[in-house]
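As a basis for the values below, the full set of heavy atoms in this structure was taken, side chains included, without hydrogen atoms, waters or symmetry mates. Letters A, B, ... are given to chains in the order of the sequence lines, protein chains preceding strands, and every chain is numbered from 1.
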There are 2 protein chains.
Amino acid sequence: MDFEASKEKFIQTWGVLGGSWGINRTMAQIHALLLVSHVALSAEDIMEQLQISRGNANQNIRDLIDWGLVFREFKTGERKEFFTAEKDIWAVAKQIVKERRKREIEPVRKILSELKNTKTNKESDAQKHFVKMIGNIEDVVGKMDNSVEKLIKLDESAIVGTLFKIFK
Amino acid sequence: MDFEASKEKFIQTWGVLGGSWGINRTMAQIHALLLVSHVALSAEDIMEQLQISRGNANQNIRDLIDWGLVFREFKTGERKEFFTAEKDIWAVAKQIVKERRKREIEPVRKILSELKNTKTNKESDAQKHFVKMIGNIEDVVGKMDNSVEKLIKLDESAIVGTLFKIFK
DNA sequence: ATAATCTTTCACTACATACTGAAAGTATAA
DNA sequence: TTATACTTTCAGTATGTAGTGAAAGATTAT
């Protein structure tokens with residue numbers, strides 16, 4: 001496989017993976033393109049290389065910036081913006097986990113905690129079971145969430161060290 | 001909030017969460033309904049309680065069985081099938097991770113490894129950068145995948161113990 | 001055999017989400 | 001201040017995924 005074909009394949013693969021990780025396909029493709037590019041690219045460059053519209057490029061670049069995965073750059077003498085990707089893959093993974101925790105886990109924990117206030121009939125098997133299940137789920141989700149919270153606070157070398165220690 | 005309202009809310013919440021975890025909404029709702037039900041339910045029960053069609057119920061129940069999250073049950077004297085959910089939440093989490101690893105991570109690792117065979121021009125900065133990036137990504141993805149693999153081999157008490165040890 | 005009960009399939013439809021491109025908005029240069 | 005270079009917005013459109021319901025398939029009872 002030659003360079004161009006490999007690059008193309010990588011972009012497509014990263015796109016598919018992103019799709020199943022809460023990052024949409026185009027967003028992940030732009031990120032992939034920037035990851036393997038050794039220089040910053042403009043919106044035009046991205047539109048051309050990925051064959052996407054201006055609106056699409058603009059929206060997804062801004063989403064990537066929101067997620068903390070892409071940064072704006074300016075070149076002296078150039079009017080337009082250029083973009084580069086976060087290239088530390090651990091940082092990328094951490095960032096994604098962090099965002100998803102905020103967007104998904106936190107609201108669920110909030111609701112689970114509300115559900116504990118359900119007025120129940122202590123005589124009903126169905127209701128006793130419900131209360132027990134909600135308790136279990138809250139407990140497990142809470143433990144996972146706490147671990148994740150601590151994990152994303154570690155820096156790269158600490159993550160690798162921690163994973164190594166646990167799973168040696 | 002009364003019992004019925006709480007149950008409804010839990011099903012909806014679990015459905016939304018599932019949607020962002022590679023499990024579709026209805027699938028997650030059926031799972032939620034079975035989780036909080038203290039008795040096994042039939043397809044009819046599920047259709048009625050979630051207000052969904054027969055085809056939809058059937059398809060998603062079978063997907064849940066494929067994922068190892070729901071089990072078939074038979075009652076003597078009853079012709080139809082009944083269904084129960086895996087109620088150990090750690091087992092549920094492990095099962096989801098296991099499936100997604102198989103469906104998503106493995107194919108990506110395969111492609112990354114292929115991409116290392118890219119014929120490159122050693123003079124080109126762009127190509128040198130590409131090779132380095134692919135190497136980094138493969139390395140990080142590999143380390144994460146290995147950790148995940150080991151995690152899903154642990155049983156419940158070991159998972160809790162491990163998480164506790166790491167993140168105390 | 002055939003009737004009754006239940007499960008599975010599948011062509012069609014509905015719905016949510018992503019993408020387009022032209023127009024409006026903004027900032028710098030002449 | 002007008003022109004130029006760029007960025008953002010948004011209404012309309014396309015696309016993919018999920019859901020429907022009727023019909024076909026299977027299994028057990030009569």
Side-chain angles (χ1 to χ4, degrees), chain A residues 11-12 14-34 40-67 70-84 99-100 103-104, chain B residues 11-12 14-34 40-67 69-84 100 103-104:
Chain A
I11 290 169
Q12 296 310 327
W14 206 241
V16 172
L17 188 66
S20 51
W21 278 86
I23 290 201
N24 84 39
R25 200 166 41 83
T26 305
M27 212 171 138
Q29 285 177 352
I30 294 174
H31 184 248
L33 175 61
L34 292 172
L41 302 180
S42 68
E44 294 282 343
D45 296 334
I46 292 169
M47 288 163 58
E48 193 188 338
Q49 295 210 44
L50 299 181
Q51 295 288 312
I52 58 176
S53 71
R54 184 171 300 283
N56 195 12
N58 182 271
Q59 183 59 51
N60 282 295
I61 290 168
R62 276 178 309 120
D63 287 347
L64 280 163
I65 293 171
D66 274 354
W67 277 70
V70 162
F71 312 109
R72 271 179 225 277
E73 249 179 39
F74 296 91
K75 295 189 185 178
T76 48
E78 290 267 21
R79 202 132 131 201
K80 58 170 166 279
E81 300 174 333
F82 289 81
F83 306 96
T84 48
E99 284 291 331
R100 296 196 60 185
R103 291 168 199 225
E104 295 159 20
Chain B
I11 290 169
Q12 297 310 328
W14 206 242
V16 172
L17 188 65
S20 52
W21 279 88
I23 290 202
N24 84 38
R25 198 165 43 82
T26 305
M27 211 170 138
Q29 286 178 352
I30 295 174
H31 183 248
L33 175 60
L34 292 173
L41 301 180
S42 68
E44 295 283 342
D45 296 335
I46 293 169
M47 286 163 60
E48 194 189 336
Q49 294 210 43
L50 300 181
Q51 294 288 312
I52 57 176
S53 70
R54 185 170 300 284
N56 194 12
N58 182 271
Q59 182 60 52
N60 283 294
I61 290 168
R62 276 178 308 119
D63 286 348
L64 280 164
I65 293 172
D66 274 355
W67 278 70
L69 298 177
V70 162
F71 312 110
R72 271 179 225 277
E73 250 181 39
F74 296 91
K75 294 189 185 177
T76 48
E78 288 268 21
R79 200 129 133 203
K80 56 171 167 278
E81 300 173 332
F82 288 82
F83 306 97
T84 48
R100 297 196 59 183
R103 291 167 198 224
E104 295 158 20

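- In this structure a side-chain-to-backbone donor-acceptor pair under 3.5 Å is missing from A/Arg72 to A/Ile65.
- Between the C1' atom of C/dC12 and the CD atom of B/Gln59 lies a distance of 16 Å, rounded to the nearest Å.
- Remark: P of C/dC6 and CZ of B/Arg72 are 15 Å apart, rounded to the nearest angstrom.
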| task | Summarise how protein sits on nucleotides 15-27 of chain C as a single string, 5' to 3': B when a protein heavy atom is under 4.0 Å from the base, S for sugar-phosphate-only contact, - for no contact. | result | ---SSBB-----B

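- Looking at heavy atoms from C-beta onward, B/Trp67 lies in side-chain contact with B/Met27 at the 4.5 angstrom threshold.
- Pairing each heavy atom of B/Gln29 with each of B/Gly15, the nearest pair is CG-CA, 3.9 Å.
- A donor-acceptor pair under 3.5 Å is formed between the side chain of B/Asn60 and the backbone N or O of B/Asn56.
- Residue B/Glu48 contributes atom CD, which lies 14 Å from atom P of C/dC6 at whole-angstrom precision.
- Legend: residues meeting salt bridge (charged side-chain N to carboxylate O under 4.0 Å, His left out) with A/Glu73, ordered by chain and number and at least two apart, are absent.
- At most 12 heavy atoms of other shown residues, nucleotides or ligands fall within 6.0 angstrom of atom CZ in B/Arg25.
- Taking the side chain as every heavy atom from C-beta outward, A/Lys80 and A/Lys75 never approach each other to under 4.5 Å.
- Of the possible polar contacts, none joining the B/Asp66 side chain to the B/Asp63 backbone as a donor-acceptor pair under 3.5 Å is found.
- A 4.0 Å heavy-atom criterion places the boundary nucleotides of DNA chain D facing chain B at D/dA18 to D/dA29, written 5' to 3'.
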